[in-house]
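Chain letters run A, B, ... following the sequence lines, proteins first and then strands; every chain starts at 1. Atom set for the values below is all heavy atoms of this structure, side chains included, hydrogens, waters and symmetry mates excluded.
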Protein chains: 2
Amino acid sequence: MASPTEENYLKALFNLANEQGELSLSDLANQVQVSLPTANSMVKSLRRQNWVHYEKYKPLTLTEEGKAMAISIIRKHRLTEMFLLKMMNFGWEEVHEVAEQVEHIHAPKFFERMDEILGYPSVDPHGSPIPDRHGNLEKQSFQPLTVVLPGQRAKLHALTNSSTAFLAYLNSKALTLGSSIEIISIEQFDQSRVVRYTGHPTETLTEKVCERLLVQLEETSS
Amino acid sequence: MASPTEENYLKALFNLANEQGELSLSDLANQVQVSLPTANSMVKSLRRQNWVHYEKYKPLTLTEEGKAMAISIIRKHRLTEMFLLKMMNFGWEEVHEVAEQVEHIHAPKFFERMDEILGYPSVDPHGSPIPDRHGNLEKQSFQPLTVVLPGQRAKLHALTNSSTAFLAYLNSKALTLGSSIEIISIEQFDQSRVVRYTGHPTETLTEKVCERLLVQLEETSS
DNA sequence: TTACAAAGTTAGTATATTCTAACAAATTTG
DNA sequence: CAAATTTGTTAGAATATACTAACTTTGTAA
Ligand SMILES: [Mn+2]
Ligand SMILES: [Mn+2]
Ligand SMILES: [Mn+2]
Ligand SMILES: [Mn+2]
């Protein structure tokens, strides 16, 4: 049985493997916010439990068992976020912090019931896919808003960051999942985007923000 | 910030203080299911944090702060049990185990929302009172079924044990909170009770079971 | 290809939580 | 009261999780 700490490491490893191919110790240390030696000794302990493959100075891999555990934790996290949003009147900017704790609860029925009550949702409040009960996790192919050219429109489908601060910022701009965003222009100076979207006057978004908005290009029916 | 472990000790201390007046180390060790030296060293650590008053060889007392923390954990536990029962279709025999974990989540809003959604319930699924948001905890004055004499009836209001095994046993006997129980006779041999209750044929309950059933005497309108 | 930087490892330390063994104090009992 | 029992304490050890300091390995860049 993994401790909450170990579970957080497994989740971090899984997410890193998806973003980059390689799993380095320093990325892990960074993600989990611990020192390199701490990550090093934890990885040894995870290896002892057959959750990661690891040899000195070599990159890390999750074992099949480790991967399955990570997916199960991610499932619990995302179901919780959805449950808080839909059934308990939380805002999308509040759910991540609570889910970070609830994901460590060992009670399969608790999460099965959430899933049932929610009607088996496929994505969480930030657009990330929810693994099904069998551990199948849909792969998404959205691109950051930064790849969209002036004159094109794209629909906001997901985010690469679900911190309270970022989501509160999106709230203040009334940007929600599903918004159809048109790029008006890109400032040469700082790469910031002038955009227009569903029922809103012109807005400016910094490049940093655009990088975190995952979109799908829409046919420009001109 | 108390760890889940520390929170379980605080809760145990509070419950012991209510059942007995005195708080002894061995009772604590027993309740939390650890060795005496473990309880001893934990109590020292709780004292460092000003959650208990404690001197070598003297009985223990919770500080005001410790008491408030214990009540808050109990509130979270009981609200969770009620939420699982009413909103997530759990049986009353399943809720305690999950609540034992959920009670350690630090997210006031999560529990406030449960309270709201449930309509501010006053008791949990096992009849124990739920402290309000200000830490007020209603005192109950129910008595164990063992004090009821043959010929008298009493209504089942609460339980002193909410283990899955005990509740599954009550389920099998169709005994629920609210049942009106009449004591037919008491076996001299083993103190077991022959009883009759709401829509049921005669049943026999051992003394051990009767001790755990908290009732209020009903006027015998003969 | 050496030299420097980045990444990873080891050693040593700290706190939290738990144990057993050995001993001491307090309480109960004959 | 003295002996026996119960209760509480200390010492010493183990595991989990974290740190800093010092060192080694690997990879890159001159
Ligand atoms: Mn999240
Ligand atoms: Mn977490
Ligand atoms: Mn309970
Ligand atoms: Mn608990």
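- Between A/H157 and A/F142, the two ring planes are parallel [angle under 30°; tilted spans 30° to 60°].
- B/S45 comes within 4.0 angstrom of nothing in the nucleic acid, heavy atoms only.
- Rounding to whole angstrom units, CD of residue A/E22 and P of D/dT26 are separated by 15 Å.
- Comment: A/E81 does not engage A/R78 in a salt bridge, judged by the lack of any side-chain N to carboxylate O separation of less than 4.0 angstrom.
- Rounding to whole angstrom units, CE of residue B/M1 and C1' of C/dT15 are separated by 18 Å.
- Between B/E116 and B/R133 there is no salt bridge, since no side-chain nitrogen of the basic residue lies less than 4.0 Å from a carboxylate oxygen of the acidic one.
- In this structure, the side chains of B/T146 and B/E207 come closer than 4.5 Å at one or more pairs of heavy atoms.
- Side-chain atoms of B/Q191 and B/I186, non-hydrogen and from C-beta on, do get closer than 4.5 Å to each other.
- Per the geometry, CG belonging to A/L25 stands 14 Å off P belonging to D/dG27, to the nearest Å.
- Annotation: side chain of A/H126 is in contact with side chain of A/L167 (closest heavy-atom distance under 4.5 Å).
- What separates CD of A/Q20 from P of C/dA7 is a distance of 12 Å, to the nearest Å.
- Residue A/T38 is in base contact, counting any heavy-atom pair closer than 4.0 Å across all strands shown.
- Between B/Q101 and A/H106 there is a side-chain heavy-atom pair separated by less than 4.5 Å.
- Regarding contacts with the backbone of D/dT17, a side-chain N or O of A/S3 is found under 4.0 angstrom from either OP1 or OP2.
- Not one side-chain nitrogen or oxygen of B/Y57 sits closer than 4.0 Å to the OP1 or OP2 atom of D/dT6.
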Could you list all N or O pairs between the protein and nucleotides 1-5 of chain C that sit under 3.5 Å apart?
none

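- Nucleic acid contact class of A/T5 (heavy atoms, under 4.0 Å, all strands): sugar-phosphate only.
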Could you go through nucleotides 10-12 of chain D and list every protein N or O atom that sits under 3.5 Å from one of its N or O atoms, giving the distance for each pair?
from	atom 1	to	atom 2	distance (Å)
D/dT10	OP1	B/K56	NZ	3.1
D/dT10	OP2	B/K44	NZ	2.7

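- Residues A/M88 and B/F83 form a side-chain contact, since some pair of their non-hydrogen atoms from C-beta on lies under 4.5 Å apart.
- Between the CZ atom of A/R48 and the P atom of D/dA16 there is a distance of 6 Å, rounded to whole Å.
- If you take CG of A/L60 and C1' of C/dG8, they are 11 Å apart, rounded to a whole angstrom.
- Going from atom NE2 of A/H104 over to atom C1' of D/dA16 covers 16 Å, rounded to whole Å.
- Comment: A/E112 engages A/R75 in a salt bridge, judged by a side-chain N to carboxylate O separation of less than 4.0 angstrom.
- Looking at which nucleotide of DNA chain C each of B/Q33 and B/Q49 is closest to, the 5′-most match is held by B/Q49.
- Within the structure, every side-chain polar atom (N or O) of B/S35 is placed at least 4.0 Å from both OP1 and OP2 of C/dT18.
- When the C1' atom of C/dG8 is taken as reference, atom CD of A/E55 falls 14 Å away, rounded to whole Å.
- Side-chain contact of B/E65 with B/N50: a donor-acceptor pair under 3.5 Å is absent, judged by distance alone.
- Within the nucleic acid shown, A/S26 comes within 4.0 Å of sugar-phosphate atoms alone, with no base atom in reach, counting heavy atoms only.
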